[in-house]
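Here is the structure we will look at.
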Amino acid sequence: MEVNSLTAEMIMVMGMIGVAIFLFIVEWIRVDMVAILMTVSLPLLKLVTPKEAFSGFSSNAVISIIAVIIIGAGLDKTGLINRLVAPILRIAGNSSSRVILAMGGTVAVISSFMQNIGAAALFLPAIRRVSRAMGIPLAKMLMPIGFCAILGGTITLVGCSPLILLNDLIAPFNLEPFQLFDVTPIGLALVASGIIFFIFFGRWVLPRGDLEKDSSDGSTETGGGGDIAEGTAFELKTPADFTDFRDPLTIKVIRDTYGVTVVALAGRDGIKHFSLTPETELRSDNTLVAYGSKNEITQLASEKGMQIKDDLTLFKNEMSPSVSGTIEAVVAPRSVLIGKTLRLAHFWEQFQVNPIALFRSNKVFHSGLSDMELRSGDVLVLHGTWERFSILEAQHNFIFTSPVHEIMKPEKALIAGFWLTLALVMVIGFKIQLSVCLLTGAFGMIVCRVLTIDEAYQAVDWRTVFLLAGLIPLGIATEKSGTAAWIAHSILDIVGSVSPVVLLTVIAFLSTGFTLVISNVGATVLLVPLVLNMAMASGTDPRMAALVVGLATSNSFMLPTHQVNALYMGPGRYRSVDFMKAGSIMTVLFIVVLISMLSLFYGIQG
């Protein structure tokens, strides 16, 4: 096929690429659904064969990422990773710089062998405890450590999805595959640059973390590090004639009018209720527990004729700190609640806990919670029993910023460590295919009952699996049809002859731009065939061009679109402008270090 000949098949492939990019940006459907659309459409249009369309599901990359997730879940289940926190904090002492150095370096290393969102979630409670103990605003710590989690994904070939995918994408070009630690020098340099950047310049690029201040729109504005909701539980009693001369008073009206949340209620019959829907009505001779400030509670009692008891009496046992309490819960990036309101999700009936406040976009909302659509990164303050919180945590819709009791298996820690080590030894010493080695480690953990097979299935993010597997045939179609070669030669005809360093720098900026608006997996699948053809046509090492894409698609710091940034945005009380301020410098630094390390270790000449 002539490279300069634009065919109908190429036009159809470019049309499918355009559709995929458009759907990634507008998010009319989920990204995994976009991938499935590609899997179905490409064979129907005869752009790939049915075998090629479903080849992604048996690919080395997909099996590897499933195994990595299971191994990470096994390490988490044993508490092996949590054991690292205490000695790290002892080393760090009371210095915020040493805390960022120690915790940032540790989370980066952990991210090199498990998904960075998982590593970031594991460290969130520990970072919060350190923040409170040292009196450092959370906003000063979360962003640097979150960036380190992202950078840690570049240390090994299994650290992030684009690098796992890389060998599958370069295989059709008969290029030598990358080994597990081929990227390690570059990844370590990137992590070091990120830590050094925040240690020396963090005071100027990170938000100050001011205390809360009142806002005029019924919400509360807060700087990084302030608590979302301050309040105390009060027990009140309605008078005997409470409903004689007034319309029924609902929980929603109390919340919207006074900013007070009723978390428990007992009627005349003495039956106690602890998960109260917004429509729940207060009646005469009701005893209730309300959560709010002293002023708010006093105003409510005064205007509605309620009696404020000196202490918790009827609900003393149920409100004991050993039984119930409040906790901050971050809406997880893959939560099924995203896009739903609490009312439509039947939140109170399903989870049996009470929302007290919601933090979003630097504001705290106490009213209107039942009708607000949840977003990834939203932080809810919840009140309930620790038993209910344990059940809620197991469903993975929320990530709690404080530890919740969970059945751990510390006695299995050495076994989990053994199987991880064995998998790595198989990769390094015996040159066995990566997916086989990692799946051996995952299977070993299941056989040794570090986690059950059902827990392993539940740990796997199947949306990520379908995203990876579904986009692979799009890469096949791009290369097979000659589209990648045609685009590459067209670009080179326009820009003319360029040096390898300039070309790789352009590729790095292009990859960074793509990953800010579409998923890093989508950017990798679309760009690798293109840059391989560009590199071969210009005389640049094609493996290095592909590697730049695999690494630069982790250069996602300027916007809270990366899962780690979205996770930490709520607890850190960050705004988008905070990510732009620190992330723009980090983005340029990332590319400078990347290209410099390629020149130093792989001999790329200018």
Side-chain angles (χ1 to χ4, degrees), residues 96-105 107-108 111 116 120 127 136-155 159-160 162 185-210 223-225 362 377 501-502 504-517 520 523 548-569 571-600:
S96 59
S97 295
R98 287 204 298 269
V99 168
I100 292 174
L101 174 62
M103 296 192 75
V107 76
S111 293
N116 45 33
I127 299 169
I136 302 173
L138 204 57
K140 292 288 188 182
M141 301 178 66
L142 277 182
M143 187 180 292
I145 295 172
F147 281 15
C148 286
I150 297 173
L151 292 169
T154 65
I155 295 178
C160 61
I186 300 173
L188 291 176
L190 290 171
V191 172
S193 67
I195 292 175
I196 293 171
F197 167 64
F198 280 110
I199 288 177
F200 287 100
F201 302 101
R203 68 185 68 181
W204 292 289
V205 299
L206 292 171
R208 293 182 305 167
D210 296 330
N362 211 41
V501 168
V502 172
L504 295 180
T505 302
V506 171
I507 292 172
F509 276 103
L510 184 64
S511 303
T512 299
F514 265 70
T515 199
L516 289 175
V517 294
N520 54 6
V548 168
V549 174
L551 291 168
T553 46
S554 291
N555 191 11
S556 184
F557 305 105
M558 290 180 60
L559 296 173
T561 50
H562 194 284
Q563 289 183 344
V564 173
N565 292 341
L567 171 66
Y568 280 178
M569 186 177 187
R573 319 293 188 262
Y574 296 121
R575 301 164 297 167
S576 293
V577 69
D578 295 326
F579 283 99
M580 291 180 185
K581 188 176 180 180
S584 58
I585 302 174
M586 190 66 234
T587 295
V588 175
L589 181 61
F590 185 106
I591 294 175
V592 170
V593 173
L594 170 59
I595 300 301
S596 299
M597 292 300 291
L598 284 174
S599 300
L600 181 63

Sequence-distant partners of F590, ring-ring contact (aromatic ring centres under 6.0 Å, His included), two or more places apart = none
Do any pairs count as a side chain to side chain donor-acceptor pair (under 3.5 Å) and have a residue in residues 577-597, sequence neighbours left out, and if so which ones?
-> R575-D578
Tightest non-hydrogen contact, residues S554 and C160, listed as OG-SG, 3.6 Å
Does any N or O in the side chain of N555 come within less than 3.5 Å of the main-chain N or O of T515, such that one atom is a donor and the other an acceptor?
-> no
Residues S556, L516; criterion side-chain contact (heavy atoms from CB on, under 4.5 Å); working and verdict = CA-CA 6 Å; S556 184; L516 289 175; 4.0 Å; yes
Candidates L551, I155, L600, V191 - the one meeting side-chain contact (heavy atoms from CB on, under 4.5 Å) with I186 | L551
Please round to the nearest 0.5 Å and tell me the distance separating atom CD1 of I595 and atom CG of L504.
-> 5.0 Å
In Å and rounded to the nearest 0.5 Å, what is the CD1 to CZ distance from I591 to F509?
-> 4.0 Å
One should read off an interatomic distance between F198 CZ and S97 OG, to the nearest 0.5 angstrom, of 12.5 Å
After noting the C-alpha distance and the side-chain angles of M143 and V205, does the key distance pass the side-chain contact (heavy atoms from CB on, under 4.5 Å) rule?
-> CA-CA 10 Å; M143 187 180 292; V205 299; over 6 Å; no
Could you tell me which non-hydrogen atom of V549 sits nearest to which non-hydrogen atom of T553, and how far apart they are?
-> O-OG1, 2.9 Å
Can you sort out the partners of Y568 under ring-ring contact (aromatic ring centres under 6.0 Å, His included), two or more places apart, ordered by chain and number?
-> none
What's the spacing between T512 OG1 and M558 CE if we round to 0.5 Å?
-> 9.5 Å
Considering all heavy atoms of both residues, which atom of L594 and which atom of A508 are nearest to each other, and what is their separation?
-> CD2-CB, 4.5 Å
What one should report as the nearest heavy-atom pair of P144 and I100 is CB-CG2, 4.0 Å
For S511 and A552 the tightest heavy-atom approach is CB-CB, 3.7 Å
CZ (F201) and CG (L589) are apart, to the nearest 0.5 Å, by 9.5 Å
Check the pair L151 / I195 against side-chain contact (heavy atoms from CB on, under 4.5 Å), numbers first and verdict last.
-> CA-CA 10 Å; L151 292 169; I195 292 175; over 6 Å; no
Classify the ring geometry between F147 and F579 as parallel (under 30°), tilted (30 to 60°) or perpendicular (over 60°).
-> tilted
Starting from the C-alpha separation in whole Å, work towards a yes-or-no answer on side-chain contact (heavy atoms from CB on, under 4.5 Å) for Y574 and L142.
-> CA-CA 10 Å; Y574 296 121; L142 277 182; 3.5 Å; yes
If every non-hydrogen atom of K140 is compared with every non-hydrogen atom of R203, which pair is closest and at what distance?
-> NZ-O, 4.0 Å
With rounding to the nearest 0.5 Å, note down the distance linking CD1 in I585 to CE in M580.
-> 14.0 Å
